[in-house]
Structures are given as C-alpha cells and as structure tokens.
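Remarks on the structure that follows.
Atom set for the values below is all heavy atoms of this structure, side chains included, hydrogens, waters and symmetry mates excluded. Just so you know, these numbers come straight off a predicted model, no measurement behind them. Letters A, B, ... are given to chains in the order of the sequence lines, protein chains preceding strands, and every chain is numbered from 1.
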Amino acid sequence: GEDVEQSLFLSVREGDSSVINCTYTDSSSTYLYWYKQEPGAGLQLLTYIFSNMDMKQDQRLTVLLNKKDKHLSLRIADTQTGDSAIYFCAESIRNAGNMLTFGGGTRLMVKP
Amino acid sequence: DSGVTQTPKHLITATGQRVTLRCSPRSGDLSVYWYQQSLDQGLQFLIHYYNGEERAKGNILERFSAQQFPDLHSELNLSSLELGDSALYFCASSVVGGDTQYFGPGTRLTVL
C-alpha cells in the first residue's frame, strides 16, 4: 500500500541546520519530492530525487534517500526565518498513474 | 510563480450547489492533475488528465467530475456540495505523465 509519514513539527534557531524526515512504504516509487507550503499559498516544488539515487544537493538543500529503510530526508543548511513553512514529502508511483501521494506535512518554525 | 493558474482564488457557496473550478497548465504541459487539501484528509489525489483523456482516478467522489479541453485547460466540477467538501483544491501540471508536477495557487472552497 501507499503511506507516507512525517513528523508534525520541527523548531530550529536561525542559522542552524534543519532536518525533516519522511518514511514511505511503496518500494516501486519512481520519484520522491519535497514541496514547501507557506500560509495561504500553494505548493512550491523545492527539489526531487530519482529513486535510484542516494543523495542530491541543491544550494542549501540536501536530500538523502535510504531505499533499504524507505527513508527520505531534507536538510536545509543555514535555516532562515523565511524557511518557516510546512514541508511535504511525496512519492510518485509509475504504476499508479504517477499520482503523488503526500505525507501529512512537517511544520518548520525558525526562531530568530 | 509556477506558471499554473487557477480561478477563482476563493469560492463561497451553499450546500447543494454546484461549482466549477478552472485550471490552466504551464505552457507546453499536457498533463493536469487535481488534488484536494483538507484538514482531516490532508492532500489527496483526485484525478489525472493527459492531452484531453482521463488517465487515473484517485479518491474522487461520484459528485465530482473533471475534463480537459482541447486547449489543455481543465475544469473540476463539484455538485451537490456538502459541508465536508470545503477544502483547498489544487491543480498541478507536468509535461507528460510521470514528470515533475508544478502546482497552481489553489482555489479555496467554502461550503456554508
């Protein structure tokens, strides 16, 4: 079955690194995504990783994928107050019409 | 700005009514996806269209229907509305099915 889980809340200080974790259950995932949602706004694509990769770095963002444990993480370096938002991980499964299955979202609060 | 547009931004209506939500995909994108975001269900996939044809259905109620027109814009029709249909409705587009999905700003539907 398809189930994506995330912790609900993370609080960090400005300048620290943030690590948001996600677990998924479907081993046939093709892509795994991280989206950011600010209050009252839509979903902004942050980054994604193909399922045969272990790591992807994009400026302050680092995505790590552990396929054995079905664990995905997003690390944000030098976290800023503007990073405060809800972060969703999502998996895309080719055999399921490539729909995205989302986690419940992690609310990141960055304290000055 | 993702390049995906949705109208209207907000919609307030009464139970039993019917509404139409509109989505214009990014230029060149052939796939349109619809998602519902509610407090109790989170983000859920509703339906996927590719180049005018329905490709996949998710947790979409029978009271809901969608279509994609020759100019590739899509409409989501919600009828016999209930209080529980109040949610944010997002559309996303991608070049082809399975490609990265870019989300619009959403339509917030309130059913009174």
Can you tell me if [atom1] on [X] sees more than 12 non-hydrogen neighbours from other groups inside 6.0 Å?
| X | atom1 | result |
| --- | --- | --- |
| B/Arg108 | CZ | no |
| B/Leu39 | CG | no |
| A/Leu8 | CG | no |
| A/Met109 | CE | no |
| A/Lys67 | NZ | yes |

Query raised in the report: At a heavy-atom separation under 4.5 Å, does A/Gln37 approach chain B through its side chain, its backbone, both, or neither?
Result: side chain
Report task. Answer with side chain, backbone, both or neither: which region of A/Leu43 has an atom nearer than 4.5 Å to a non-hydrogen atom of chain B? Result ->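 For A/Leu43, the contact with chain B is made by backbone and side chain together.
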**Report entry** Test log, rule side chain to side chain contact (heavy atoms under 4.5 Å, CB included), inputs A/Phe88 and B/Gln37
**Finding:** CA-CA 12 Å; A/Phe88 292 92; B/Gln37 184 179 34; 3.5 Å; yes
Query - Sub-4.5 Å side-chain heavy-atom contact between A/Tyr48 and B/Thr100 - result: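 A side-chain contact under 4.5 Å exists here.
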Report task. State, yes or no, whether a side-chain contact exists between B/Tyr33 and A/Leu100 at a heavy-atom distance under 4.5 Å. Result ->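 Counting from C-beta outward, B/Tyr33 and A/Leu100 never come under 4.5 Å.
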**Report entry** Residues B/Phe45, A/Thr101; criterion side chain to side chain contact (heavy atoms under 4.5 Å, CB included); working and verdict
**Finding:** CA-CA 7 Å; B/Phe45 166 73; A/Thr101 301; over 6 Å; no
Query raised in the report: Taking A/Tyr35 for the side chain and B/Phe103 for the main chain, is one N or O donor matched with an acceptor at less than 3.5 Å?
Result: no
Query raised in the report: In terms of hydrophobic clusters joined by side-chain contacts under 4.5 Å, are B/Phe90 and B/Val32 together?
Result: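 No, B/Phe90 and B/Val32 fall in different hydrophobic clusters.
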Report task. Could you state whether A/Phe50 and A/Leu32 fall into the same hydrophobic cluster, counting links through intermediate Ile, Leu, Val, Met, Phe, Trp or Tyr residues with side-chain heavy atoms under 4.5 angstrom apart? Result -> yes
Query raised in the report: Just how far is it from atom CD1 of B/Ile47 to atom CE of A/Met99, taken to the nearest 0.5 Å?
Result: 12.5 Å
Query raised in the report: Can we call the ring centroids of B/Tyr35 and A/Phe102 under 6.0 Å apart?
Result: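 Yes, the ring of B/Tyr35 comes within the 6.0 Å limit of the ring of A/Phe102, centre to centre.
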